[in-house]
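Letters A, B, ... mirror the listed sequences (proteins, then strands); counts begin at 1. As the structure is a computational prediction, the values presented were derived from the model and not from experiment.
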Amino acid sequence: MQASYAEVVAVYRYSYHRRMAEDLPIGYYLKNFNFLLDFVFQYYDDVLLADELAYRVNFQKLSVAAQRLYVRLSSRRGPMFRVEKIHYAEIIDVEAGINELVEQGYFDQSQEVAADWLLSLMTKNELLELFDLSGQQMRREELDQAIIEQHSAAQIKSLLEIDTVMPLGEEHLKIYKLLFFGNLSQDFTEFVLRDLGLSRFENYLTDRSARYFDDRPSLEKVLHCGVLNEACQHLIAVGDAQQIADFGQVQLTTEKFLSADLLADAILHKELHKELHQELHKELHKELHLEVSDAEIIRRYSKMFNSLARQLERLDSTTQALRLYEQSTLPPARERRARLLAKCGDVQSSLALCAEIVALPATEAELAFAIQFGNRLIARHKCVVSWLPVVLAENFQHDEISLHKVNDVNVEILVCEWFKQQGSDAYYVENGLIPSLFGLYFWDIIFIPIKGVFFNPVQRGPIDLFTADFKVRRQALIEDRLLRMTEENYTANKILSTYRQKLGIANYLVSWNLIDIQLLKQSLSRIGVNDLKQMFIHLLQDLRHNRSGLPDLVVFPPQAGYQLVEVKAPGDRLQNSQKCWFKFFTGQQIPASIVNVRWQ
DNA sequence: TACAACCGAG
DNA sequence: TTCACACGGTCGT
DNA sequence: GACCGTGTGTCTCTCGGTTGTACG
Ligand SMILES: [Mn+2]
Ligand SMILES: [Mn+2]
């Protein structure tokens, strides 16, 4: 009897046995490839286009050797390959494979491509010999350039005398990968690392009714974002101000996915969030069918607007930069606008933006900026406003120590050793400890299978982990778990048992390579449960941003207690994210200090 | 010749 | 789903 | 002191082979 699809998926999730590299079965990569194609077909047959469906079906009709050859090459850089350089132990007859793939439309043998693609297939020495340039002292880049300038494409092609192949259908494969992973950045190495025992994944439920992409348009939106993002990166690297501004105004803004209506909806939605009673909120979310959200698309567009605008700032195109920042809903767009407006002399508009931020800050850092910058503005221009909180003097605890500088050793490590010499235990954990404790304590809540947040077997967390919706959708569970922290031993037991049970299973918040049972036990016995609870709550406020900025060291003095220590070498100051945490530590009376190092 | 950068394989 | 952090330079106060 | 740009280490691991370049 054939294994059910669920069973196949279950096998694909686990790697029960830690296998050595040589244990991977011959042709493992083809199994992974077909697993992904089949998985996507099971979930998304109605979203795939005819060409994409045919890509899978026809591929699987090929001989095993041809399939293997295709997968081998399609997962390499390419895009073209020299036939004479293709050698794989498990593919005996490469030529037969190539012929089959060409016949079926999966390989292209023609060389109707730009000359530099062909040249890149040769080594430098080969080119020097072929083009009789042996005496020349040129860097590789210059050599290619010189050859292209001096020879026609046809001449180059005939001189090289190489057979090439180029895998086709990459655009379809991209669709399959995107549908499977939900992003454009993961690839087949996920499977290999898992099968080698290097990563393991939680056993959450996925099923077709909870898929990530609900329809073709949501898929196209993400795909298109990827294309635009690449174009952005390219333009920022090489474009002039006019090109960048045009791209921002035309490509991004007139895009149907980011119409004014959509933006208006997003803003309205945000307001609703604030107004809705919490119970109503919960009900609403239970009923919502989750899918690729417009919020996520808007986030990606905003990131692009921000980076384009930042580049315009560098190019001194202030007006254009302002226009693009206005399109962005993500920090630091409003901050940059406030700065630019002030620089242009439009103090009133700048202050108005600060007021907007104070009224509805997107992040803690944004709020801190608005308060500080706003106060500076009114001081300089002698204005009076009612909405601006006063800047609180920062009186964080500073200590000074003198150390001998040691080459190739981080100052953090030196200070860590210094604390150990003083009889304390100390660990250089930075953002590794507190988020790990959080991830362990809330493990089962993080991995609770809310519809649509888990959709493939290799996720490190729910898709909404770093969105504001994370805590809203799990509000009751989180609040209950927070309440239980004060129960005798509950927190430590929960964290330690989760550590043992889940050891090594991938979780965005848990740094397995940093923590060990000894550090956990010491942390749990020394850090008061109420302090920990407050830090968890602070993390929850904004999981995406508050994950960072935690102090370098955690120090456990000989007798009792603990101290969070941020190390600062001469010339180094607290970063904004670090300031946010220190402000919080001060408010909660959590023992945290800054150690300023003097070089002896 | 030594070394670094890059890439592929498992 | 590249980013978090440190470091050194410039500019204005 | 505020702010900016850049370098570094790291990412989901570790190894070995190839290629290009700097330098003697
Ligand atoms: Mn640090
Ligand atoms: Mn530090």
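Using a cut-off of 4.0 Å between Lys/Arg side-chain N and Asp/Glu carboxylate O, A:Asp163 and A:Arg82 are scored as not salt-bridged. Of the charged side-chain nitrogens involved, at least one lies within less than 4.0 Å of a carboxylate oxygen, so that A:Glu566 and A:Lys568 count as a salt-bridged pair.
Nucleic acid contact for A:Gln372: sugar-phosphate only, since backbone atoms but no base atoms lie under 4.0 Å from a heavy atom of the residue. Heavy atoms of A:Asn431 sit under 4.0 angstrom from primed sugar atoms or phosphate atoms, though from no base atom. Using a 4.0 Å heavy-atom cutoff across all strands shown, A:Glu566 reaches sugar-phosphate atoms only and no base atom. Counting any heavy atom pair closer than 4.0 Å across all strands shown, A:Thr189 reaches a base atom. Residue A:Arg310 is in sugar-phosphate contact alone, with no base atom involved, counting any heavy-atom pair closer than 4.0 Å across all strands shown. Residue contacts for A:Ala506: at a heavy-atom cut-off of 4.0 Å it reaches no nucleic acid atom on any strand shown. Using a 4.0 Å heavy-atom cutoff across all strands shown, A:Gln459 reaches no nucleic acid atom at all. Nucleic acid contact class of A:Gln186 (heavy atoms, under 4.0 Å, all strands): none. Looking at heavy-atom distances under 4.0 Å, A:Lys343 makes no contact with the nucleic acid at all. Across all strands, A:Asn576 comes closer than 4.0 Å to no nucleic acid atom at all (heavy-atom distances). Counting non-hydrogen atoms under 4.0 angstrom, A:Arg300 reaches the backbone sugars and phosphates but no base. At a threshold of 4.0 angstrom between heavy atoms, the contacts of A:Tyr88 are confined to the sugar-phosphate backbone, with no base atom among them.
Judged by closest nucleotide on DNA chain C, A:Arg547 is the one of A:Arg547 and A:Pro570 placed further toward the 5' end. Both A:Tyr29 and A:Arg77 lie near DNA chain B, and the one whose nearest nucleotide falls closer to the 5' end is A:Arg77. Closest-nucleotide positions on DNA chain C for A:Leu465 and A:Ala569 were compared, and the one nearer the 5' end corresponds to A:Leu465.
Contact annotation: the side chain of A:Trp599 approaches that of A:Val411 to within less than 4.5 Å [non-hydrogen atoms, C-beta and beyond]. Side-chain contact check for A:Arg68 versus A:Ile26: some heavy-atom pair is nearer than 4.5 Å.
For D:dG7 and B:dA5, the P atoms lie 13 Å apart once the distance is rounded to whole Å. Here the separation of D:dG9 from B:dC6, taken at their P atoms, is 15 Å to the nearest Å. Comparing C:dT2 with D:dC15, their P atoms sit 24 Å apart, to the nearest whole Å.
Put simply, the side chain of A:Gln575 and the base of C:dA6 share a donor and an acceptor less than 3.5 Å apart.
At the phosphate of D:dT18, neither OP1 nor OP2 sits under 4.0 Å from any side-chain N or O atom of A:Lys85.
Closest to the side chain of A:Asp572, from the set B:dG10, D:dC4, C:dC7, is C:dC7. Between B:dG10, C:dT2, D:dC4, one nucleotide has an atom nearer to the side chain of A:Arg336 than all others, and that is D:dC4. Set against D:dT21, D:dC11, C:dC5, the side chain of A:Gln578 has C:dC5 as its closest nucleotide.
Seen from the ring of A:Phe442, A:Arg474 does not count as a face-on cation partner, given the 6.0 Å and 45° thresholds. Relative to the ring axis of A:Tyr29, A:Arg72 places its NZ or CZ within 45° and under 6.0 Å from the centre.
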